[in-house]
**Student:** 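Have a look at this one.
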Amino acid sequence: MSVALIVALPFLGALLPGLMIRAGRNACAATTGAVTLLAFILLLIEAPAVMSGEVIQYRIEWLPALGLHATFFLDGLGLLFAGMILGIGLLIILYARFYLSKNDPMGLFYTYLLLFQGAMVGIVLSDNILLLLIFWELTSLSSFLLIGYWKHLPEGRQGARMALAVTGLGGLAMIAGMLILGEIAGSYDLTVILQHKEAIQASPLYLPALLLILLGCFTKSAQFPFHFWLPHAMAAPTPVSAYLHSATMVKAGLFLMARLWPVMAGTEAWFYLVATTGLATMVIGAAIALFKDDLKALLAFSTVSHLGLITMLLGFGSPMAAVVAVFHIINHATFKAALFMTAGIVDHEVHSRDIKRLGGLAALMPITALIATITALSMAGIPPLNGFISKEMMLEEAAHSAWAGNPWVIGAVATFGALLSVAYSFRYIAHVFLGPRRDDYPQQPHDPPFGMWAAPALLAVLVVLIGLAPGFFAEPLVVATAGAVTGGNLPEFHLSLWHGVTPALFMSIAAVAGGGLLLWRHANLERLWLAAPRPEAKRIFDALVSAAARASGRVTDALHDGALTRYLAILCVAAIGIGLAGYLGGQHSPGQRPQLPVSTVPVIGWLLLLVSCLSVALFHRQRLLALVLIGVIGLIISIGFIYLSAPDLALTQISVEVVTVILLLLALNFLPKQTPQESTMPRKLRDAAIALAGGLGVGALCWAILTRDFQTISDFHLEQSYPGGGGTNVVNVILVDFRGFDTFGEIIVLGIAALAIYALVETILHGPVSRRLRAWTADQVEAKDRHPLMLVVATRVMLPISLMVGVYIFLRGHNEPGGGFIAGLVVAIALVMQYMASGFAWAQSRSRYDYHSLIALGVLFAGLTGVGAWFAGRPFLTSDFGYVTIPPLEKFELATAMIFDLGVFLTVVGSVMLALASLSRIARRAGETLNPDPMDIDPSAVARDTEVR
Amino acid sequence: MILLVEVLISALLVVGGFFALVGSFGLIKLGDPMTRLHAPTKATTLGVGSVLIASMLYFAVIEGAFSFHELLISLFLFLTAPITANFIAKAYLLHRAQPEALPRTERDCGWANFDAPKRDAVLTPPLNEDPAQR
Amino acid sequence: MEFLVASSVGSLTAAGIYLILRLRTFPAVVGVAMLSYAVNVFLFASGRLAIDLPPIIDKAATGYTDPLPQALVLTAIVISFGMTAVVVILALGAYLESGTDRIDTDDRAGPQ
Amino acid sequence: MIAYALMFCFGCFGLALLFNLYRLWIGPLIVDRILALDTMVINSIALLVLYGMFEGTTIYFEASLLFAMVGFVSTVAYCRFILRGDIIE
Amino acid sequence: MLRKLLPHPLLTLLLTAVWIMLLNSVSLGGLLLGLILGLLIPLYTAAYWPNRPRLRNPLMIVEYILVVLLDIVIANVVVAKTILFKRNSAMKSGFVAVPLDLRTPEAITVLAGTITMTPGTVSSDLSADGRSLLVHHLDAPNSDELRDTIKQRYERRLKEIFE
Amino acid sequence: MNHWIIAPIVLPAILAPFLVLATRHSLRLQRTFSVAGTFALAAIALALTVAAAGGATEVYEVGNWPGPFGIVLVLDRLSALMVLLTGLLAVAVVVYAVGSGWDARGRNFHPLFQFQLMGICGAFLTGDAFNLFVFFEVLLIASYGLMIHGGGPMRLRAGVQYVVINLAGSTLFLFALGTLYGVTGTLNMADMALKVRELAPGNEALLRVGGLLLLIVFAIKSALVPIHFWLPGTYANAPAPVAALFAIMTKVGAYAILRVYTLVFGAEAGANAWLAADWLLPAALLTLALGMIGVLGSRSLMRLIAFSVIGSVGTLLVALSLFTPESTVAALYYLIHSTLATAALFLIADLILERRAIGGDLLHPAPSFPQAGVIAALFFAGAIGMTGMPPLSGFVGKLLVLDAARGADSMALIWTVILVTSLLAIVGFARAGSTLFWKSSAVTGEDDRAGETLPKAASFVPMAVTVTLLSAMVLLAVLAGPTTSYLEATARQLYDPSGYIEAVLGPR
Ligand code: NA
Ligand code: NA
């Protein structure tokens, strides 16, 4: 339980700093510190048991489907890392309290810091590798925030993004690696995985898993060639650099290598990948560090170098090397965190981190100088400090390792690395603190307040103590930790300052001497270094990312440039292609259905249709003509429907077509009347080819279906129409009864269309369009009479007759072709006729129906008819009907379906009229005037008027 | 009697077909849109009219069920055909005819196509309110 | 007869496809209308063809054509009418707002 | 006899439709094409009536009626568009 | 009161007839429903037909219809002959203005319709004040004669019916 | 018969006309009813989900006509889940729309919104192929109305494109349905499944044509490459709350694919089993790749999010295309997640666009804006969700997808694409976020404080909604166990369609 709590505490506490900042900066820091301290204490409570070899576990079931569980375990390795994370974390919190300026949002900083801390603790205490992945990614995210904390600095932004990109890449690789590992081991639990060394190393998937996991580790731990992100992350505030980039996050990779050491290490692949990478990183990092003038950059690359060292040790695969690795991890954490803090102090006091502008600070800030010197000497590996011991042991291991059969390569290169390390460490001391006292500092630097140097001082003390008495101060922890790393087969060893006269001693002496020499000739070497061509990692990375972004942008823009016509062409080709593939992919036998005979008139109709289709394609640029042709096609299709026994379809088709044409004409009035000739010939040919392919495909499909027999469910509808649905027009009974639900949806579509049109017109009329419309002038010659007398008179007679026809079609629909929908259209067309004759305004002023309400009522009628069935305990839309006889009249039928159909009727009328009304508003905004009279000239009215007026 | 009616029906059908054909033939034969307008408006109405009468007779006598639908269709056609012709003529006049070439109205105004209505309607400014909302 | 219907559907489709690939909104709308004609006939034809067998229950009838596709087509006609109405008004609105009736936009710079 | 007459009549109206198609194709004015369409509608109505006689059924009459109404409205609409631009003003 | 409930008695009659025509059968129920609709629908549409003219001489309508039907038949034969046998260039087509004495819009419409449906003439436009009718003739050697025929044969009768 | 099954359709279908009829002139009343109705819908959906969790497939025979002759609605775990997701999303969106005042920027927002919900719920519940078409149309036409809500030239032009492409899609839907009916003679999906099993071999080719055309239709809806083109323009130009609601729209396509190709073309379809799988996987991988490339390559915020939607659809369909119970669990989990993530991101984008006076939608540095800090945090969280990083549910979802791909023939390819595109997304979102928030603060220095003057109350509701959506993702991650066990049961139901078929057609 407490293991889980140690992980959870930083997360739970993460909100507190944000809240406490109102109580002041001290309270904020204290709260953060208290949370961390609490976790640290919990850890210490468990420490004795762990040191004695116990493993503490805690498990919460989370996601069995995946094998992802909240399981934690605490062993020596976990203890060391968790202790480091929390312990150094405490010091960083203290340090940051004084480091951050008043302008920096401190609450946010501590929140991020706690999040990061929790994620780190999570990594080192996870027993489930998927859970570990989660924490792993969380460290990337929280470090992104921490690095970018000073968001106004471009370096901070770039550094944060680079760190995120690189560690993100590694994290993703690791996901794959971990999943493979889990696959091999049959579990995602580390405690289980660590038992399966043989199975894992024998698996063919071992190498991919290893590569992927190492990619994650190397990126996180800034191993060559992924070392470049680390220095740029140094744009972060110094506490962040000290914490993330020396003590914790960069060690996550090391931790994982150590964690998986028992099952992954010991193979050739492991050795060559890990040891070589480590060695290379150690030397390259050190070389770069030597020539960095920025204090933090120097320290950053020194960190890279030391991480390489540790990686190399882990790569050796021998238990003793692992022991050394663990020991150096501890030592590095102590001196490097302290060094970062001294660098921060210098920056804070002098306002510069440029070595070239520093020097002689020992006299001005003696305490800082002392701390820096001790820790830097430890970094250089000078006795009697802790760095010396672990470096000696490292050189010893290096001396005993052979690379590709060559026994001295590793030793030599490692010594060279150590030599460089000595050089930059001495440089840090000599060029910053020693030398003549300078007077060109903007203000006199002096030692900071106690709170700021307390933390590094404590670490410096540790550096000395471990150096002097490693057996007492470090050995138990190293034993416990290394025991965990090596999986129990720990060699006999003893940590001490003096190892005797070993090859390592001579290597060490060579390193110190060579390092001194290098520093002495530093100026000359620097000239050489600067003159030498070397890849600037940041520039490469930036170029890579921006090239990727640019390429992505180009691909994206090229594909998604808004050319709908191309999108549609692709859609058509895709549909044709997949249809063809489907056809070719299955058995096909030609149909056996006898075909209907062909007589002359249908052939003529067919000819008409074909010619009209061709004409539409050819003449479509004359838009009015295209609409006339649409009219022709609609007419022929309607006749076709009648001929082929579908009278309802014919009625619907023809009336829908006329309303469509009217709508299109209304819209066309404000659109260009001609389509310009702008397609190139190849394009036309391409489109024609697609069109022909589509036409052929659809035609062939239709033919294939028409010529084969089939069994259909509609026999039921034919049988049940009269007895069950109470109507002889099966199509209508299907519409209002069997599949009334479809019709319900359909009228809603219509209603929505009208509402959407209305909303659209409303919106555009309230926008800039309104102004443009006011300035609109007709683009074609206009006749002078708006409402010719003859049409007005004719419609006066036509309207009542048409309404009669509408009622008739409505009433007979259940038994004969017709129904609510067609009736609605007939009535709408009759009204439209009236509107065309006498103008919208006049006609509208005669009937004050609210079309919105008509639509709503229609849908409600239909819907409530459906709901009504609930009260009879029946499902939605269950119909009922009965026959009524009132003498002396004939028997007639009453059906609930009629009410439903009435809803359909109302919706249709309302929708059509609302759409037309909306369009006429555009015209009105375009300057059209209202007509108070139904016709332009009424000769009889003139006679009457002269009397009245 | 039946035979007589059959002959009558057949004759009507033949006449109807013939006139309809002539009407549509005129539509392609005649040379100028205004004259073309004559062909379908007249010939076709008689063509369709004959067919409608034939149909009425047919259903009444041969099928034994009176049918009045045809009357209704005729009513519609007779009501609409002149209006359609009038509109087509106006559309033609607007774009193809010179107003000066037309005979004078012998009134103090021109033809409605080219001259604004004499007793002009009192035009009101555009309303801002939405007619659909009233 | 089957051939006539199938080839009609094919030519309606071809004309429709050709038109929706044009560069202006109006031809596209006309193309959409053509396509809905095509698909309505296609859907209707999926119930096979029959002459003078309307699905009106009648003792004298010798058979009935499949009523179900007819009902489906009716629904489809109405729906495509609604859709056509919306798209044409939308095209008009876009033209009035933007001053162009080109159907392709230039999305490369992203929306304003 | 009626059957022959019907056939003749079908033929006439069919041919008439072809003539209409020809006018529709060549135009040259849009007015010509509208006229062709209008004539087509009227010829179609006759064809529907003939078909009703041929099949001995009256269920196609509503369609003829509707054709008449709709043909009128659409012709007027096309012409009004030419005349005034706005067909409902 | 009665006028409000029965704004168009003739129309009601016409609509009832239309209903029977639609039903295609005569039955008591059908007649009743037709009558009800014939009463209701004009109540709604009356607003669209203000200033309905009163027919002065309804019986005259029958005579008029017979005359016109006869003319239509003749006109068809004449036009058919013209179309089939006359060269396009030989046709004497052109416009003629017919001044109107009629004032009622309904009457003018009927006249214009009649002209369109009868021999070789199409009513093409009205004058801006509605008192002159523009008629196109397909093949009329003497346009004055044509105008007189129109006025004598149709307008006179309509004047009697409507005004 | 349980009438509640149809309630998610009938409630909005009645509410919408009621809004038009009774409350058209009062925005306040509209809001009250619309919000209340949406909450009621969510509550009903929750109850239905609880009912469905019992494991029985419930059928509602509309009009009291038995399947396959009438239209049936089917409530099983999958449909219940989808309706629930719709309900919850709708609550968030409607509250946001009201809180941000978006609903007042045009007419008829609430009726259109309710109709949209009706269409979506209908599509999830129906057991009839043609009825599915009808509901697709309902939800589409409502979405047209919503998409152009508020107007503006770019939005309208994008609207035209959206509508035209979908009209083409609807046409294709009917072609597919016609073909399937022409071959099987039925429209009921359960019945169709049976008919497919007994199909004469000579009809196979036509059946496949129909089935694959249908796939194209659903692929358009779910924005699968190469027919995804409509999505960026549409989502980038739609009003943000509408775009947030559209988060469920692509899922309708995914749902339909899952339903049809497990039920009709499932294991027992003989030679036509798993008809969609071979096509779906490569397309889904391409979708994922193009989507995330788009995230990296976008120069405006709305487009970036739109492309991330495409990417997430790709991930979802990759999982779906494997057609195993495990992959379906992963797909459905990811579906829930990506719906929440998409919605959250669009709402966050709206918060940004509402405040960013200069620069608008473009990813260029511009002066900082009020409340940038809080919104940056929200954006960061949203981006974490979308890119699939912990602790939000995207990470779990991605792990599930990767895990489900284990053992598939193309495992290496799938893993590579998913992981590499994740990196693209991470980099893309990081660039966008740092440009929007970090560079912005650099442009004017430190006038973040300007935000403090803005009335906080006005932005409380929108922010609260956004935070709720983000929290929902955390919750989804925390409750991954129970969620996946529901989804496992769902997948079991899907891969053994006999229960569904028996429920619809009776025992045979
Ligand atoms: Na029912
Ligand atoms: Na319908």
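Note on naming: letters A, B, ... go to the chains in the order of the sequence lines (proteins, then strands), and numbering restarts at 1 for each one. Small disclaimer: the values here were computed from a predicted structure and weren't measured.
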**Student:** Below 4.5 Å, heavy-atom pairs only: which of F/Pro232, F/Ala430, F/Gly119 has the largest tally toward chain A?
**Tutor:** F/Ala430
**Student:** Could you look at A/Val867 and say if it's the side chain, the backbone, both or neither that has a heavy atom under 4.5 Å from chain F?
**Tutor:** side chain
**Student:** What part of A/Leu564 is in contact with chain F, defined as an atom under 4.5 angstrom from a non-hydrogen atom: side chain, backbone, both or neither?
**Tutor:** both
**Student:** Counting only non-hydrogen atoms closer than 4.5 Å, does A/Phe144 touch chain F with its backbone (N, CA, C, O), its side chain (CB onward), both, or neither?
**Tutor:**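 For A/Phe144, the contact with chain F is made by backbone and side chain together.
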**Student:** Which bit of A/Val698 is near chain F, if near means a heavy-atom gap under 4.5 Å: side chain, backbone, both or neither?
**Tutor:**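 For A/Val698, the side chain is the part near chain F, not the backbone.
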**Student:** Is a side-chain donor or acceptor of A/Arg157 paired with a backbone partner of F/Thr435 at a separation under 3.5 angstrom?
**Tutor:**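 Side chain of A/Arg157 to backbone of F/Thr435: no pair is present.
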**Student:** Let me know if F/His149 has heavy atoms under 4.5 Å from chain A in its side chain, its backbone, both or neither.
**Tutor:**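 Neither part.
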**Student:** Is it the backbone or the side chain of A/Thr763 that comes under 4.5 Å from a heavy atom of chain F, or both, or neither?
**Tutor:** side chain
**Student:** So for A/Arg554, is it side chain, backbone, both, or neither that comes closer than 4.5 Å to the heavy atoms of chain F?
**Tutor:**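 No part of it gets close to chain F.
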**Student:** What closest approach, in Å, do F/Tyr333 and F/Leu487 show between heavy atoms, and which atom pair accounts for it?
**Tutor:** N-CD1, 3.4 Å
**Student:** Counting only heavy atoms closer than 4.5 Å, note whether F/Phe380 contacts chain A via side chain, backbone, both or neither.
**Tutor:** side chain
**Student:** Please look at F/Val295 and chain A and tell me whether the side chain, the backbone, both or neither of the residue comes under 4.5 angstrom of a heavy atom of that chain.
**Tutor:**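 For F/Val295, there is no contact with chain A at all, as no heavy atom is under 4.5 Å.
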**Student:** Please classify the contact between F/Met292 and chain A as side chain, backbone, both or neither, with a heavy-atom cut-off of under 4.5 Å.
**Tutor:**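 F/Met292 has no heavy atom closer than 4.5 Å to chain A.
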**Student:** Let me know if F/Ala142 has heavy atoms under 4.5 Å from chain A in its side chain, its backbone, both or neither.
**Tutor:**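 For F/Ala142, the contact with chain A is made by backbone and side chain together.
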**Student:** Quick one: does any side-chain atom of F/Glu204 pair with a main-chain N or O of A/Gln587 as donor and acceptor, under 3.5 Å?
**Tutor:** yes
**Student:** Checking F/Ile216 against chain A: side chain, backbone, both or neither under 4.5 Å from a heavy atom?
**Tutor:**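 Interface part for F/Ile216: side chain.
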**Student:** Relative to chain F, which of A/Gly740, A/Pro590, A/Gly579, A/Ala756 shows the most heavy atom pairs under 4.5 Å?
**Tutor:** A/Gly579
**Student:** Looking at A/Asp880 and A/Arg874, is there a salt bridge between them, counting it only when a charged N and a carboxylate O are closer than 4.0 Å?
**Tutor:**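 Salt bridge: no.
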**Student:** Between A/Phe710 and F/Tyr181, is the ring centroid distance below 6.0 Å?
**Tutor:** yes
**Student:** Which bit of F/Ile6 is near chain A, if near means a heavy-atom gap under 4.5 Å: side chain, backbone, both or neither?
**Tutor:**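 Looking at F/Ile6, just its side chain touches chain A.
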**Student:** On the 0 to 90° scale, with breaks at 30° and 60°, tag the A/Phe738-F/Trp65 ring pair as parallel, tilted or perpendicular.
**Tutor:**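 Rings of A/Phe738 and F/Trp65: tilted, 30 to 60°.
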**Student:** At a 4.5 Å cut-off on heavy atoms, which part of F/Ile384 comes close to chain A: side chain, backbone, both, or neither?
**Tutor:**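 For F/Ile384, side-chain heavy atoms alone lie under 4.5 Å from chain A.
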**Student:** Side chain, backbone, both or neither: which part of A/His717 has a non-hydrogen atom closer than 4.5 Å to chain F?
**Tutor:**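 Only the side chain of A/His717 comes within 4.5 Å of chain F.
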**Student:** What part of F/Asp191 is in contact with chain A, defined as an atom under 4.5 angstrom from a non-hydrogen atom: side chain, backbone, both or neither?
**Tutor:**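 Answer is side chain: those atoms of F/Asp191 sit under 4.5 Å from chain A.
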**Student:** List the residues meeting side chain to side chain donor-acceptor pair (under 3.5 Å) with A/Glu183, not counting sequence neighbours, and say none if there are none.
**Tutor:**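 Here the qualifying residues are F/Arg406.
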**Student:** Counting only heavy atoms closer than 4.5 Å, note whether F/Leu231 contacts chain A via side chain, backbone, both or neither.
**Tutor:** neither
**Student:** Non-hydrogen atoms of chain A under 4.5 Å away: do they reach the side chain of F/Pro201, the backbone, both or neither?
**Tutor:** both
**Student:** Is F/Thr484 close to A/Leu66 at the side-chain level, that is, under 4.5 Å between some pair of heavy atoms?
**Tutor:**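 The answer is no; the side chains never approach within 4.5 Å.
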**Student:** Could you look at A/Val749 and say if it's the side chain, the backbone, both or neither that has a heavy atom under 4.5 Å from chain F?
**Tutor:** both
**Student:** Counting only non-hydrogen atoms closer than 4.5 Å, does A/Ile855 touch chain F with its backbone (N, CA, C, O), its side chain (CB onward), both, or neither?
**Tutor:** neither
**Student:** Give the member of F/Ile148, F/Val427, F/Leu402, F/Thr179 that has the highest number of heavy-atom pairs under 4.5 Å with chain A.
**Tutor:**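 With the most close heavy-atom pairs to chain A, the winner is F/Thr179.
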**Student:** Among F/Ser422, F/Ala158, F/Gly182, F/Gly202, which residue has the highest count of heavy-atom pairs closer than 4.5 Å to chain A?
**Tutor:**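 Heavy-atom pair counts peak at F/Gly202.
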**Student:** Measure up the F/Tyr144 and F/Tyr162 rings against each other and bin them: parallel (under 30°), tilted (30 to 60°), perpendicular (over 60°).
**Tutor:** perpendicular
**Student:** Could you tell me which portion of A/Ile734 (side chain, backbone, both or neither) has an atom closer than 4.5 angstrom to a non-hydrogen atom of chain F?
**Tutor:** neither
**Student:** At a 4.5 Å cut-off on heavy atoms, which part of F/Leu112 comes close to chain A: side chain, backbone, both, or neither?
**Tutor:** side chain
**Student:** When the side chains of residues 161-171 of chain A are checked against the rest of the protein, which donor-acceptor pairs come out under 3.5 Å, sequence neighbours left out?
**Tutor:**
from: A/Arg161; atom 1: NH1; to: F/Ser434; atom 2: OG; distance (Å): 2.8
from: A/Thr167; atom 1: OG1; to: A/Ser140; atom 2: OG; distance (Å): 3.4
from: A/Thr167; atom 1: OG1; to: A/Ala163; atom 2: O; distance (Å): 2.6

**Student:** Against chain F, work out which of A/Val573, A/Leu108, A/Leu760 has the most heavy-atom pairs shorter than 4.5 Å and name it.
**Tutor:** A/Leu760
**Student:** With no hydrogens and no angle check, do the side chains of F/Thr126 and F/Asn131 hold a donor and an acceptor under 3.5 Å apart?
**Tutor:** yes
**Student:** Check whether F/Leu212 gets within reach of chain A through its side chain, its backbone, both or neither, counting any heavy atom under 4.5 Å.
**Tutor:** both
**Student:** Of the listed residues (A/Thr712, A/Leu130, A/Leu172), which shares the most heavy-atom pairs with chain F below a 4.5 Å separation?
**Tutor:** A/Leu172
**Student:** Where does the angle between the aromatic ring planes of A/Trp870 and F/His3 fall among parallel (under 30°), tilted (30 to 60°) and perpendicular (over 60°)?
**Tutor:** tilted
**Student:** If I measure from the heavy atoms of chain A, does F/Arg157 come under 4.5 Å with its side chain, its backbone, both, or neither?
**Tutor:** neither
**Student:** Answer with side chain, backbone, both or neither: which region of A/Ala548 has an atom nearer than 4.5 Å to a non-hydrogen atom of chain F?
**Tutor:**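 Backbone plus side chain of A/Ala548, per the 4.5 Å heavy-atom cut-off to chain F.
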**Student:** Given a strict heavy-atom distance threshold of 4.5 Å, which part of A/Tyr188 is in contact with chain F: side chain, backbone, both, or neither?
**Tutor:** side chain
**Student:** Does the side chain of F/Val62 come within less than 4.5 Å of A/Phe744's, by heavy atoms?
**Tutor:** no
**Student:** Could you tell me which of F/Val329, F/Val183, F/Asp128 has the largest number of non-hydrogen atom pairs under 4.5 Å with chain A?
**Tutor:** F/Asp128
**Student:** Counting heavy-atom pairs under 4.5 Å with chain A, which one of F/Val217, F/Leu187, F/Leu424 comes out on top?
**Tutor:** F/Leu187
**Student:** Are F/Arg208 and A/Tyr583 linked by a side-chain donor-acceptor pair shorter than 3.5 Å?
**Tutor:**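 No pair is found: no donor N or O on one side chain lies under 3.5 Å from an acceptor on the other.
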**Student:** Which class fits the ring pair F/Phe229 and A/Tyr567: parallel under 30°, tilted 30 to 60°, perpendicular over 60°?
**Tutor:** parallel
**Student:** Can the ring centres of F/Phe135 and F/Phe130 be said to be less than 6.0 Å apart?
**Tutor:**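 Ring-ring flag for F/Phe135/F/Phe130: false, centres at least 6.0 Å apart.
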**Student:** What part of A/Ala869 is in contact with chain F, defined as an atom under 4.5 angstrom from a non-hydrogen atom: side chain, backbone, both or neither?
**Tutor:** neither
**Student:** Under a 4.5 Å heavy-atom cut-off, does chain F meet the side chain of A/Leu706, its backbone, both or neither?
**Tutor:**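 No part of A/Leu706 comes within 4.5 Å of chain F.
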